[in-house]
Each structure stands twice: as structure tokens, then as C-alpha cells.
Amino acid sequence: MLVEILLTLVLALVWVGLTGELTLATFVVGLLLGVIIINLFGKRTLRVLNLNIRHIFPLIQLFFIFLFELLMANLTVLAKVFSPKLNIKPGIIKVPVEVEGPFWITALANMITLTPGTLTVEVSPDNKYFYVHCLNIDNEDSIVSDIKGTFEKKIQEVYKP
């Protein structure tokens, strides 16, 4: 119940941010939309994911880690694009994955894809590997350890009981 209330408040704040107006009416509309969204989609998802209050802090950390990685990747791609000589080595690497469950595998694949310069091309049939296209492969082991040490590590903290 507490998780549903917190998610409703987060959705209300997201609505306020999207509208750009910090008024009581906007916040109330955000709360109503949050309640509707949680009732339509959230309860089943929360049951399936087995999320509770102890998962909130790791989820918030995951969100900010993703934002930081998104910012850093944008700056890296921007520097590559505006450099006088386009010095890139694109390619596809194989990333071993330890995350379990279709929701979390999809979340990890999407986080990789949403980060500029990387794209999850394929997930192996046994869900043990991702094939990731990278804009610049200087050190394959470094890219794999970055993915595993940031997104995957925090996702595992979130879904572990």
C-alpha cells in the first residue's frame, strides 16, 4: 500500500514537471492520473515484481544512475560528433547478463539502448547474453564492466528479496 502511495506521488510530480505549472490544480490532476495509472497497470505489476518499501531507495538510485550515465553518454557522443576527425570504432560486443526475469531483462536492455552510443541489438534465446552495438569500442572489457557495474548491479539490488 505504501509503495502505491509513493508511486502515485511520483507520478503526480512527473505530471507537474511535464506541465510546467506548480499549482494545486495541476498537482491534484497529477494525483488523479497517478491513482488511475496505478489502478490500471500498477497493482498487477507490483505483485509480479514483488516490490515493496525496501525497494524504493534502490529504485531511486537506479533512476539517478541512469540519468548520470545518460548525461555522460550524451557528452561523449557530442564530443565525437563535433571533433574535426570522426575517430570511432563501431562494433558489436557480447555482454553476459545475470539479471533474471523478463521485466528486468527488458529494463536493462532498454537502459542500454536509451543511452546514446549503445544499442541492444539482440538478446540471446537463453537470456544470458546481450549483443550490444557500440559507437566506439576502445576497450570491450571496459564497456562490459561499465554496463555490469552500473545498470545491472543496481537492477539486481532492486529485485533481490
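Positions are given from 1, in the same order as the sequence printed here. Note that these values count all heavy atoms, side chains included, but never hydrogens, waters or copies made by symmetry. Since the model is a prediction, treat every value here as computed from it, not as a measurement.
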Check: With Thr23, which residues qualify under side chain to side chain donor-acceptor pair (under 3.5 Å), at least two apart?
Finding: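 Side chain to side chain donor-acceptor pair (under 3.5 Å) list for Thr23, sorted by chain: Thr26.
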
Note to self: List the residues meeting side chain to side chain donor-acceptor pair (under 3.5 Å) with Thr150, not counting sequence neighbours, and say none if there are none.
What the structure shows: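 Counting only residues at least two positions away or on another chain, Thr150 forms no side chain to side chain donor-acceptor pair (under 3.5 Å).
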
Mind checking the [atom1]-[atom2] spacing from [X] to [Y]? Nearest 0.5 Å is all I need.
X: Phe103; Y: Ile155; atom1: CZ; atom2: CD1; result: 9.0 Å
X: Leu31; Y: Leu9; atom1: CG; atom2: CG; result: 6.0 Å
X: Leu71; Y: Leu75; atom1: CG; atom2: CG; result: 4.5 Å

Checklist line | Pairwise side-chain contact, Val35 with Ile37, heavy-atom cut-off 4.5 Å (strictly under) | finding: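 When only atoms from C-beta onward are counted, Ile37 and Val35 do not touch, as no gap falls below 4.5 Å.
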
With sequence neighbours excluded, what pairs up with [X] under the side chain to side chain contact (heavy atoms under 4.5 Å, CB included) test?
X: Pro84; value: none
X: Val14; value: Val10, Leu18
X: Thr113; value: Leu119, Thr120
X: Asn74; value: Leu70, Pro116

When clusters are formed by joining ILVMFWY residues with side-chain heavy atoms under 4.5 Å apart, either directly or through shared neighbours, do [X] and [Y] land in the same one?
X: Met72; Y: Leu78; result: no
X: Leu13; Y: Leu22; result: yes
X: Trp104; Y: Met111; result: yes
X: Ile93; Y: Leu114; result: yes
X: Leu24; Y: Val16; result: no

Note to self: According to salt bridge (Lys or Arg N to Asp or Glu O under 4.0 Å), who are the partners of Glu100, at least two apart in sequence or on a separate chain?
What the structure shows: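 Scan of Glu100 (salt bridge (Lys or Arg N to Asp or Glu O under 4.0 Å), adjacent residues dropped) gives none.
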
Check: salt bridge (Lys or Arg N to Asp or Glu O under 4.0 Å) with Lys85: which residues, sequence neighbours excluded?
Finding: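 Salt bridge (Lys or Arg N to Asp or Glu O under 4.0 Å) list for Lys85, sorted by chain: empty.
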
Check: Side chain of Glu152, backbone of Glu98: donor and acceptor closer than 3.5 Å?
Finding: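 Yes.
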
Next item on the list: Give the other cluster members for Leu135, using side-chain heavy-atom distances under 4.5 Å between Ile, Leu, Val, Met, Phe, Trp and Tyr residues; answer none if it is isolated.
Entry: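 Reading the cluster by chain and number, Leu135 sits alongside Val77, Val81, Leu86, Ile88.
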
Donor-acceptor list for residues 125-133 side chains, cut-off 3.5 Å, not counting sequence neighbours:
{"unit_1": "Asp126", "atom_1": "OD1", "unit_2": "Ser124", "atom_2": "OG", "d": "2.5"}
{"unit_1": "Asp126", "atom_1": "OD1", "unit_2": "Lys128", "atom_2": "N", "d": "3.1"}

Compare every heavy atom of [Y] with every heavy atom of [X], then report the nearest pair and how far apart it is.
X: Ile105; Y: Val99; result: CG1-O, 3.7 Å
X: Ala73; Y: Thr115; result: CB-CG2, 3.3 Å
X: Ser83; Y: Lys80; result: OG-O, 2.9 Å
X: Thr118; Y: Cys134; result: CG2-SG, 4.2 Å
X: Asn87; Y: Asn136; result: O-OD1, 4.2 Å

Atom pairs and distances, side-chain donor-acceptor, residues 57-69, under 3.5 Å, sequence neighbours left out:
{"unit_1": "Gln61", "atom_1": "OE1", "unit_2": "Lys154", "atom_2": "NZ", "d": "2.6"}

Counting only pairs under 3.5 Å, give me each side-chain donor-acceptor contact of residues 139-147, with atom names and distances, residues two or more places apart or in other chains.
{"unit_1": "Asn139", "atom_1": "OD1", "unit_2": "Asp141", "atom_2": "N", "d": "3.2"}
{"unit_1": "Ser145", "atom_1": "OG", "unit_2": "Asp141", "atom_2": "O", "d": "3.2"}
{"unit_1": "Ser145", "atom_1": "OG", "unit_2": "Ser142", "atom_2": "O", "d": "3.0"}

Next item on the list: Report the C-alpha distance between Leu108 and Val97 in whole Å, list the side-chain angles of each, state the deciding distance to 0.1 Å, and finish with yes or no for side chain to side chain contact (heavy atoms under 4.5 Å, CB included).
Entry: CA-CA 9 Å; Leu108 179 59; Val97 178; 4.0 Å; yes

